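Heads up, the thing below is written out as structure tokens.
Values below: all heavy atoms of this structure, side chains included; hydrogens, waters and symmetry mates excluded. Residue numbering restarts at 1 for every chain, and letters A, B, ... go by the order of the sequence lines. This structure is a prediction, so every number in the text was calculated from the model and none was measured.
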2 protein chains.
Amino acid sequence: MLLADDQALVRGALAALLALESDLEVVAEVGRGDEVVARARESRADVCLLDIEMPGADGITAAAAVRDALPGVRTLIVTTFGRPGYLRRALEAGASGFVVKDTPARQLAEAVRKVHAGLRVVDPSLATESLLDGANPLTEREREVLTVALGGGTVAAIAGVVHLSAGTVRNHLSSAIGKTGTSTRAEAARVAQERGWL
Amino acid sequence: MLLADDQALVRGALAALLALESDLEVVAEVGRGDEVVARARESRADVCLLDIEMPGADGITAAAAVRDALPGVRTLIVTTFGRPGYLRRALEAGASGFVVKDTPARQLAEAVRKVHAGLRVVDPSLATESLLDGANPLTEREREVLTVALGGGTVAAIAGVVHLSAGTVRNHLSSAIGKTGTSTRAEAARVAQERGWL
DNA sequence: ACCCGCCCATGACAGGTGTCACGGCCACGC
DNA sequence: GCGTGGCCGTGACACCTGTCATGGGCGGGT
């Protein structure tokens, strides 16, 4: 089993926690998303425990990379933020499980075992919430623009980053504002991020 | 020793990690900041390990509460975000230590021992950074207004929340924008939060 | 071929925003 | 007393934003 989390303390602590289970063994630890595949291959891990927030590549793209490069290896996402959009994207990336860091510690080992056995593990409260608010309604460009808008700069600054005209950026923002039911782009960006649409 | 972190998984994992050290014992675990003092008292903990991001009360105010209510008990802040302002406020709240979750797992036990022995433990890289950008230049009202501005609403909305005139809010925001070296209030709010000024 | 949706862009308009100058109130320190 | 600085408010101005209408290009479905 491979452990990926950017916070060394949490990574070490999770390793200690899982070491208590005699049938589980942590064979590798990484702190970056773009090192997952290589280390998983060389350590012959059969399950990858991935945090989402990581430098290099986030856990979801890491999961997709594992699915493509190491088909036999299963992935389990463990994250702080139970955003519905994250769950959806994680499953699309081929993850076998999705666990929030709020869950009791004892259930983690159980989740790892289930994933290893080929079962799916999904936080139940999150699953219903995910069905409730549906898919991401944002267009690709709207996502891109809104992501840059998170920084808080002016329209001109955003336009410079995404190489678009200022007017076009405003149109995309206006559309995103409508879809999020907000009235300013800052609000729209915040809401979209909370929902995992970015 | 008492462990406070809102994420059950992390809490359990840290407990497992610290249990490996024979001279340390976790006597209580809480998931909310406002339960720290009561549980620390009844469990007779001598050190409190506090996360900052917690419901009820954040780790810094919890540290202040512990200092006031249980003078003999020392507190050690363990947090995800190494914001200079956090360190400053933590020390002002009487915390004996400040550790970022990026630090290697092995050093945590050592930090706990040092704090228990009455020493101060401060992340060195953070300490220099904290000296570098100095104290929080924001006025009390500027802080308040900027905190609400984080939500992303319009000036009118902010003014309604803080019970001020819209013009005054704009003046405070303009001043905060100047102090943060930014050019929009969204940027200013983001920067101020990153620096721990909110 | 046709419609549809996404993408890009422009122009115009009302309203919001950032800045500045000004005034008044209060608490604090010299 | 008097200066200083925070706090609150008003007014005015240039600029930025959000919205809408319009148009053209592109690909995907029927």
Side-chain angles (χ1 to χ4, degrees), chain A residues 85 88-89 92 133-198, chain B residues 85 88-89 92 133-198:
Chain A
R88 171 178 302 270
R89 299 219 315 264
E92 284 169 0
D133 73 348
N136 185 342
L138 295 181
T139 268
E140 178 59 27
R141 273 300 181 289
E142 286 163 2
R143 266 194 55 243
E144 188 179 358
V145 170
L146 214 49
T147 305
V148 180
L150 265 180
T154 72
V155 169
I158 300 173
V161 174
V162 297
H163 304 295
L164 287 178
S165 125
T168 305
V169 169
R170 283 199 285 160
N171 287 338
H172 284 308
L173 285 175
S174 183
S175 169
I177 288 171
K179 289 178 181 175
T180 50
T182 55
S183 52
T184 60
R185 65 163 173 287
E187 241 175 329
R190 187 177 53 79
V191 168
Q193 196 181 38
E194 277 172 8
R195 300 226 242 266
W197 288 352
L198 303 186
Chain B
R88 171 178 302 270
R89 299 217 318 263
E92 284 169 1
D133 72 349
N136 185 342
L138 295 180
T139 269
E140 178 59 26
R141 272 300 180 287
E142 286 163 2
R143 266 194 56 243
E144 187 180 357
V145 169
L146 215 49
T147 305
V148 180
L150 266 180
T154 71
V155 169
I158 299 173
V161 174
V162 297
H163 303 296
L164 287 177
S165 126
T168 305
V169 168
R170 282 200 285 160
N171 286 339
H172 284 309
L173 285 175
S174 182
S175 169
I177 288 171
K179 289 178 181 176
T180 49
T182 55
S183 52
T184 59
R185 67 166 173 285
E187 239 175 330
R190 187 177 53 79
V191 168
Q193 198 182 37
E194 277 171 8
R195 301 225 242 264
W197 289 352
L198 302 186

Once side chain to side chain donor-acceptor pair (under 3.5 Å) is applied, do any residues pair with [X], and if so which ones, sequence neighbours excluded?
{"X": "A:R190", "result": "A:E194"}
{"X": "B:T182", "result": "B:T180"}
{"X": "A:T184", "result": "A:E187"}

Rounded distance in Å - [atom1] ([X]) to [atom2] ([N]):
{"X": "B:L146", "N": "C:dG18", "atom1": "CG", "atom2": "P", "value": "11 Å"}
{"X": "B:E140", "N": "D:dC8", "atom1": "CD", "atom2": "C1'", "value": "15 Å"}
{"X": "A:R143", "N": "C:dC6", "atom1": "CZ", "atom2": "P", "value": "15 Å"}

Exercise for review: Give, ordered by number, those residues of residues 158-186 of chain B having at least one heavy-atom distance below 4.0 Å to an atom of DNA chain C; if nothing qualifies, reply none.
Suggested key: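 Contacting residues: B:R170, B:N171, B:S174, B:I177, B:T184, B:R185.
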Query raised in the report: Using a heavy-atom distance cut-off of less than 4.0 Å, which residues of residues 148-156 of chain A contact DNA chain C?
Result: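 Heavy-atom contacts with DNA chain C come from no residue of residues 148-156 of chain A; none.
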### Message
Just to verify, what does A:L150 make a side chain to side chain contact (heavy atoms under 4.5 Å, CB included) with, not counting sequence neighbours?
### Response
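Listed in chain order: A:A189, A:Q193, A:L198.
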Looking at A:R141, does any N or O in its side chain come under 4.0 Å of the phosphate oxygens OP1/OP2 on C:dC8?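 A:R141 to C:dC8 OP1/OP2: side-chain N or O found under 4.0 Å.
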Once salt bridge (charged side-chain N to carboxylate O under 4.0 Å, His left out) is applied, what residue pairs with a partner in residues 139-162 of chain B remain, sequence neighbours excluded?
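Checked against salt bridge (charged side-chain N to carboxylate O under 4.0 Å, His left out) - neighbours excluded - the pairs reaching residues 139-162 of chain B are B:E140-B:R143, B:R141-B:E144, B:E142-B:K179.
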Item to complete: Rounded to the nearest 0.5 Å, what's the gap from CZ on B:R88 to CG on B:N136? Could you check?
Response: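 Those atoms lie 8.5 Å apart.
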Distance-only donor-acceptor pairs under 3.5 Å for side chains of residues 167-174 of chain B, two or more places apart:
none

Apply side-chain contact (heavy atoms from CB on, under 4.5 Å) to the pair B:R185 and B:V155, showing each step before the final yes or no.
CA-CA 10 Å; B:R185 67 166 173 285; B:V155 169; 4.1 Å; yes
